[in-house]
Amino acid sequence: MESKRLSKLPEKVIIPLKQHKGMPCVPMVKKGDSVVIGQKIGDCKDNNDSSVHSSVCGEVLSIEMAPHPEGNKVLSVIIKTIESDQTVEFTPTKDPSPHDLIELIKNSGIVEHYGVPTQSVLKPDGKNINTVLINATSSEWIGGKFSTPEEYGTQMLEALKLLMKAAGASKGAIVLRSDDAESIAAFSGIRFEGKQLEVAPLIGSRKIGYYLKDQGSDIVVVSQKRIYGKRILNFFTYNVTGKKVPVGCTPADVGVAICGVKSAKALYDAVYQGKPYYETVISLEGLAHCPPQVLVRIGTPFKDVIEACGGYPSESGKLIANGMRTGVAQYTDEVPVTKTTTRISFQKPEDVSKDEAIACIHCAACVDVCPVELVPSRLAVLADQGRFDECRKMHIENCIECGKCAVICPSKIHILQLIRYAKDAVEMAYEDIPAKESSNLKLGCACGGE
Amino acid sequence: MTFTISAPPHRKSKITFKTIMWSKVLALVPVSLVSVYFFGLPALSIILAGILAAVVTEAGIQKMFRHKITINDGNAVLIGLMLSLIMPPEAPIWLPVVGSFFAISIGKHAFGGIGSYVFNPVLAAWIFISSAWPQLMTPLSIPHVGQLSDFLLENGAGLLVDVSPIALIGGVYLIYKRYVEWKVPLAFFLTMVLFPQTLNVLFAAVELVRAGVLNPLMYLSLMFKFLEISNELSYSMIGVVFFGILFIATDTPTSPVTKRGRLIYGIVCGILVSIYGYFGNYMAGIFYGLFMANCVSSFIETTTLPAAFGSEGMIGKFYRRFMDKVPSSLKMGVLSND
Ligand code: SF4
Ligand code: SF4
């Protein structure tokens, strides 16, 4: 089922010039300019950035620092909207070459949900990609702009081929969630390259390498347990391909590119319809009349999305961008939907967890839930005491920040927060780990530093 | 509109320390009721005295040191109840009071409170009072499972908790509900069962060797000895042992957290208790055995810290080393997964 478009046009949209990890774009419009849908308003300079487009028709009110759902303020173009459907001319590309595709991705502003522009995932500087994976474990097909399951299946396969072509990769796989019967049914129905597709489960040592050989094809569709978290890429790569990504490296170092359903669909649209990435589907949770998903224009403030969905169910509460487990709680609803927004959730005050942390009782619940075999209880204690070297010895970098440990803990210890704190410290202290681009945490030194 | 902000995760599980403690107390209610029914008023007064003393001690200590008073979380109630349940019914009423006081003040708070104590407070207190007043702590009889109905109601019960092993089933339910983890109790129980059976086989084998039997079939038939329920089991499968497995061994601060560590800890508990019980009796054996297992628990934990995910286990390493030695011409169809 296709998701409905948000019923009301917002009064103004806030389009951040930085919706990816990297440098902000250079604005291409100035105050007072009028823009139309799909017009490029921010240009990117290098391979690791991604351009942005206007999602509405209207007039540029200002270009200023505005709140961003990730927490910091970001230079954004604020546009007063007018009711109009005028768009720039969309021209489909016929038979694109790999180079065309990369340029197209860059110019259409396609960004992965984890924040890296797709072209730099597919063509990282100085590295070769040989396998492209589409991670479809977290988005159900209903969440997209697809009218039928078959359409989802075929378009995803087409998109995968495009992605592989752009990356120059020889192999590709679509990874589904093993408990998502709908998606599995959507794929098992289709014929692809003259063969009935089969969704193969990833079990034990049967990784995609096995299935690629077994089915004698370059593209396979596999299923596995759901993995979520903020830093899942390395673990995901290991789970799907069996390749171990060394600490401090990215999947690109072992030749793997991971894309999401949204960016795959965006590329498909860019190629076959010529549309840039200016709309996205987000899930909603906890609002008064909330449909499970809506199609919104990028830049729509959360406030307008919430109003269009019946408003807040209570006077106060917690507004969360991107899911209950890893999302960021917002201090204002004037933040816009960006390319990396996947969900808006609202918690009523009575649901907001207010537990007080007590001492760890060594119940081992966190050890049992951790998907990457860490000992979160120990890491939390070490992080709390500032013993970061020891954290590192216990492989703290492997943590995928899924938050399961903090959810299950009966003592309600803020394990995830402590682990992140230690991870940041480790990342700053060791040279073999590339520095993270931004962090909300400032590590103070106790003797009068920051 | 006001917004709350805090770090993720934004939704946490409903199981808290408090619910775990109170559910353990609840799981012990049936056996307490049966013991009151069986032993009458003395049992009731022992239980009440134990709980009351524990709660008062906890509140007093926390008040004295200006800590937050945490008697609501049920931990003190649980300690008091557990301690009372391992008293003989003839014990004078001040005995559980002294025991609870010791358990809470020395066993729990002197070691740093919840999560920090090295020895389970109940165990520590039991050892203290049974060495201080051995004649009061020795039960009149030590139970022995003669028939199945003994699981339901044990007439030879020496301690309150011995009256009905089946009434401890609540502990199993807690494990099933994941309030309590399962690795320690399962490994513990299996070791307790397998140990005497293995001894059975060993003794029979020694017997055969002594008799100078040479027929290998005779030795092979020893296997069946393994399935024969040994006498030892009827002494070990008593209420207090189940209590130890389900409630004391699963006291989390004194067991390792690592996955492998918990299995090893369970086995160590089982072996220590079995050895002790074999030479002495299982009633004292379960306490001393667990006490000794507590001593090695943190050692087990630090030696079983897991490696990073995806690293090879022992078997994998061995296999790799083996395959490296095999000349490549002999390897057939060893896939290289590029
Ligand atoms: S340590 Fe916690 S947040 Fe990190 S991977 Fe394990 S369970 Fe997830
Ligand atoms: S879940 Fe919480 S209380 Fe239990 S071992 Fe982990 S950190 Fe400690």
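Per chain, numbering begins at 1; letters A, B, ... match sequence-line order.
Considering all non-hydrogen atoms of both residues, H362(A) and P253(B) come closest at CB-CA, 4.0 Å. A pairwise comparison of heavy atoms in S316(A) and T2(B) identifies CB-OG1, 3.0 Å as the closest pair. Here the shortest heavy-atom pairing between I15(B) and K412(A) reads O-NZ, 3.4 Å.
Looking at L212(A), there are no atoms closer than 4.5 Å to chain B (heavy atoms on both sides), in backbone or side chain. Both the backbone and the side chain of L319(A) have a heavy atom closer than 4.5 Å to some heavy atom of chain B. For Y312(A), the part sitting under 4.5 Å from any heavy atom of chain B is the side chain, from C-beta outward, and nothing else. For F346(A), the part lying near chain B is the side chain, with the backbone staying farther off; criterion is any non-hydrogen pair under 4.5 Å. Contact of L305(B) with chain A is made through the side chain alone, with heavy-atom distances under 4.5 Å. Heavy-atom distances place no part of S345(A) under 4.5 Å from chain B, backbone and side chain included. If you measure heavy-atom distances from T332(A) to chain B, the contacts under 4.5 Å come from the backbone alone. For chain B, the nearby part of C409(A) is the backbone; its heavy atoms alone come within less than 4.5 Å. Only the backbone of Q330(A) has a heavy atom closer than 4.5 Å to any heavy atom of chain B. Using a 4.5 Å cut-off between heavy atoms, K68(B) touches chain A through its side chain atoms alone.
Around NZ of K177(B), the count of heavy atoms belonging to other residues, nucleotides or ligands within 6.0 Å does not exceed 12. The environment of CZ in F291(B) is crowded: more than 12 heavy-atom neighbours from other residues, nucleotides or ligands sit within 6.0 Å. Y331(A) OH: more than 12 foreign heavy atoms inside a 6.0 Å radius. Heavy atoms from other residues, nucleotides or ligands lying under 6.0 Å from CG of D214(A) number more than 12. For CD of E356(A), the number of neighbouring non-hydrogen atoms (other residues, nucleotides, ligands) closer than 6.0 Å is 12 at most. Counting non-hydrogen atoms of neighbouring residues, nucleotides and ligands closer than 6.0 angstrom, the CZ atom of R11(B) reaches no more than 12 such neighbours. Within a 6.0 Å sphere centred on NZ of K303(A), heavy atoms belonging to other residues, nucleotides or ligands number 12 at most.
You'll find the side chain of V367(A) reaches within 4.5 Å of the side chain of K259(B), heavy atoms only. Residues P8(B) and R420(A) meet the side-chain proximity criterion, which asks for heavy atoms closer than 4.5 Å.
Rounding to the nearest 0.5 Å places CZ of F3(B) at 11.0 Å from CD1 of I320(A). Rounded to the nearest 0.5 angstrom, I114(B) CD1 and S411(A) OG are separated by 8.0 Å. In this structure, the separation between SG on C360(A) and CZ on F17(B) is 11.0 Å, given to the nearest 0.5 Å.
Using a cutoff of 4.0 Å between basic side-chain nitrogens and carboxylate oxygens, R178(B) and D368(A) are not scored as salt-bridged.
Chosen from G323(A), A406(A), G403(A), the residue pairing most often with chain B at heavy-atom distances under 4.5 Å is A406(A). Ranked by non-hydrogen atom pairs under 4.5 Å with chain A, the options I20(B), V180(B), V257(B), D251(B) are led by V257(B).
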Only distances under 3.5 Å count here; give the side-chain donor-acceptor pairs of residues 369-383 of chain A to other protein atoms, sequence neighbours excluded, each with its distance to 0.1 Å.
residue : atom : partner : partner atom : Å
R378(A) : NE   : E301(B) : OE2          : 3.1
R378(A) : NH2  : E301(B) : OE2          : 3.4

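Between the side chain of Q347(A) and the backbone N or O of H10(B), at least one donor-acceptor pair lies under 3.5 Å. At least one donor-acceptor pair under 3.5 Å links the side chain of T4(B) to the backbone N or O of G317(A). Checked by atom type and distance alone, the side chain of S13(B) pairs as donor or acceptor with a backbone atom of V407(A) at under 3.5 Å.
Contacts with chain A (heavy atom to heavy atom, under 4.5 Å) involve these residues of residues 260-273 of chain B, listed by number: R262(B).
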